[in-house]
Amino acid sequence: MINITFPDGAVRQFEKGTSALDIARSISEGLARKVLSASVNGQVQDAARPILEDATLKLLTWNDTDGKSTFWHSSAHLMAEAVESIFPGVKFWVGPPVENGFYYDMDLGDRKLTEEDLGKLEKKMNELAKQNNAYLRKEISKKDAVKYFSDKGDEYKLDLLQGLNDGEITFYTQGNFTDLCRGPHIPNTGFIKAIKLTNIAGAYWKGDEKNKMLTRVYGVTFPSQKELDEYLHLLEEAKKRDHRKLGKELGIFTMDDDVGPGLALWMPNGTIIIEELEKLAKESELAGGYKRVVTPHIAKENLYLTSGHLPYYKDSMYPPMELEGVKYYLKAMNCPHHHKIFAAEPKSYKDLPLRLAEYGTCYRYEQSGELFGLMRVRCLHMNDAHIYCSKEQFYEEFKAVNDMYLKYFKIFGIDKYVMRLSLHDPTKLGKKYVNEPELWKETEALVRDVLIKTNTPYVEVPDEAAFYGPKIDVQIWSIIGREFTLATNQVDFAQGRSFKLEFTTHDNKAETPLIIHRAPLGTHERFIGFLLEHYAGKFPLWLAPVQVKVLPISDKFLDYAKTVSQQLKKADIRAEVDDRNEKIGKKIRDTELMKVPYMLVVGEKEMTENKVAVRRHGKGDTGTENIGEFVNRISIEIKERISE
RNA sequence: GCCGUUGUAGCUCAGUGGUAGAGCACUUCCUUGGUAAGGAAGAGGUCGUGAGUUCAAUUCUCAUCAACGGCUCCA
């Protein structure tokens, strides 16, 4: 007998060799029908595998992330079986579960998959699923495994086998499909009730662009049709929040072929948001002791040679223009310009820390395939600043920057983010990273120290640093599920030297300052793109392009509406009058669709009483108020930057 | 940059080898209406661009540009 410990702490005895599935069955048939895999002593494995010793057991179902992964992993195998039956001779690479479903990479030779094929594959998968074929696990020696795939002529699986040793190689077979796989899998294909193959894409073998491109098919499956329907509905909802769609509907930005890809044109509504964000940045930077500067959009080649950017990032910069025998580049970053401002006048320790801030315009030649709405563009406006400080000042400065991030996150209600401490890879010194092994270690320790001492949750990622030093990136997720670096906070020990930046210390010696690059609000492009999705276009009052729309019941009250709007404007409230010859219902509908926070309906009653009937977006009629009261109330909402 | 898909009116989308249609938006008129679409009329497109096949191309072929979904990349 063996002791099985359940998640609630209960311990029960079972016969040795019993499986998680048996155990589930002993609890209830219903549970057994839901078990997808099992976590045995923390190890996720097939529910059908015999348990041979005392163990803690968690039965994994659709409600567990690991259960879902098992389900989707098995679905990938099911899809592979369908592909193989329709396209014999296909060779497979890997087919893992992902956040929302699974994919399988395959080499179809000269054949191409079409959308129609996806329909056929779905149909085939449904057929195969109904056969309730078990996923059978088999341990196999490396020799036999190699033979199996050599006979098949499958160079991809042979490549995978190279990295594996005897004792860790298993095959899984369901129906007519056998795959090299470490598992685990669901008990049988019958669990898969609803199937949707979502798209066909190319993917480089092993993720290396030098390698052959394989065909990747993405799909998602569910234990019931209802869940698939819900998922598809969710996708529809997400589409409505896409910043590209909202940006168009709300008149925030536009792109134009004649202007160029990745070059956003900010429309009047978008510009208001930009100006509000800059106002916020200026306020907090003023409070933080920053000084504002302005620098040109171009500079001579030499500046970027000094900074070291050209050798590292030439491909990402617009090609130079040559004038009078001198090459000029559009700036891809503001730092070299700021360094020159630092260098313009001799500095002493009394001038430090020096904090130079600018909403700088940068141009980056991102690869065409990378462009994505406002999230990835070629012209960007960065909430940039550089802090020049001594090593002793570093901790306080870095912490202050961190605090600024947190302050912003609070204002915008950003609670899902991850701070990534990006470190260098010592094997790439002198190539991807400046060759200063000691300084790397030192500064990485400094940054880690700040994060630990301030109790900031973070993850460390190797080989992601800037070429001049370690950095902290703030990762966020767009509603479409893409991950972005929203903001960045970097340490730079290299450029100070290359620009020969110096300050005179207490004891009259020359020292190079450390530089902190920081951009808590990232770029206008990415940040507003994010905010559009974050708020689903329903901007808080302080950011809303139109804050109040005055809606006269009919033309008779148009003059009164204009008077109201004038009073609002006098109080710096962005107000407009809907002077169209339309019924009030229509005016309300259109204003709701434009997501204007406040609507003031004015007619006979309001005019005689000198009042307004207030309607809040999404909430409806909230009653009448005196104009003065209303102005006072929302002025506070604006000033405090309250988000609902 | 690579693989795939798409490109028709401001927007959303039909459609066809014989030089194009709907709804919304827009303009004008009627209507002056109290909390999510009042009515009528009108205007608007060399069907992404270029070339080829054809008596004839928006439709077929090729190229090109752009967008979209991925891959790679992201100071």
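Throughout, a chain's letter reflects where its sequence line sits, starting with A, and its residues are numbered from 1. Not measured: the values here are computed from a predicted model.
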Partner lookup for B/U61, please. Criteria are Watson-Crick or G-U wobble with both distances under 3.5 angstrom; report none if nothing qualifies. B/A51

Searching all strands shown, indicate the nucleotide that pairs with B/G23 (Watson-Crick or G-U wobble; both distances under 3.5 Å). B/C11

Sugar-phosphate, base or nothing in reach of [X], heavy atoms under 4.0 Å:
X	value
A/A201	base
A/G603	base
A/I584	sugar-phosphate
A/D555	base
A/E604	base
A/G308	nothing

I'd like to know whether A/E592 forms a salt bridge (charged side-chain N to carboxylate O under 4.0 Å, His left out) with A/R589, so could you lay out the CA-CA distance, the side-chain angles of the two residues, the decisive distance to 0.1 Å, and finally the verdict. CA-CA 5 Å; A/E592 287 281 356; A/R589 177 182 154 80; over 6 Å; no

For the base of [N], is there a side-chain donor-acceptor partner from [X] under 3.5 Å away?
X	N	answer
A/E370	B/G70	no
A/Y204	B/G1	yes
A/R364	B/C73	no

Can A/Y218 be said to stack with the base of B/G70, given centres closer than 5.5 angstrom and planes under 30 degrees apart? no

When you compare the side chains of [X] and [Y], does any donor N or O come within less than 3.5 Å of an acceptor on the partner?
X	Y	answer
A/E606	A/T624	no
A/N100	A/Y231	no
A/T295	A/K331	yes

If you find the nucleotide of RNA chain B closest to A/K556 and the one closest to A/D621, which residue's nucleotide is nearer the 5' end? A/K556

Please compare A/R615 and A/E464 by the position of their nearest nucleotide in RNA chain B and report the one closer to 5'. A/R615

Between B/G69 and A/R244, is there an OP1 or OP2 to side-chain N/O distance shorter than 4.0 Å? yes

Using whole Å, what does the distance between atom C1' of nucleotide B/U49 and atom CG of A/D258 come to? 11 Å

Side-chain contact, heavy-atom cut-off 4.5 Å: A/L600 with A/V564? yes

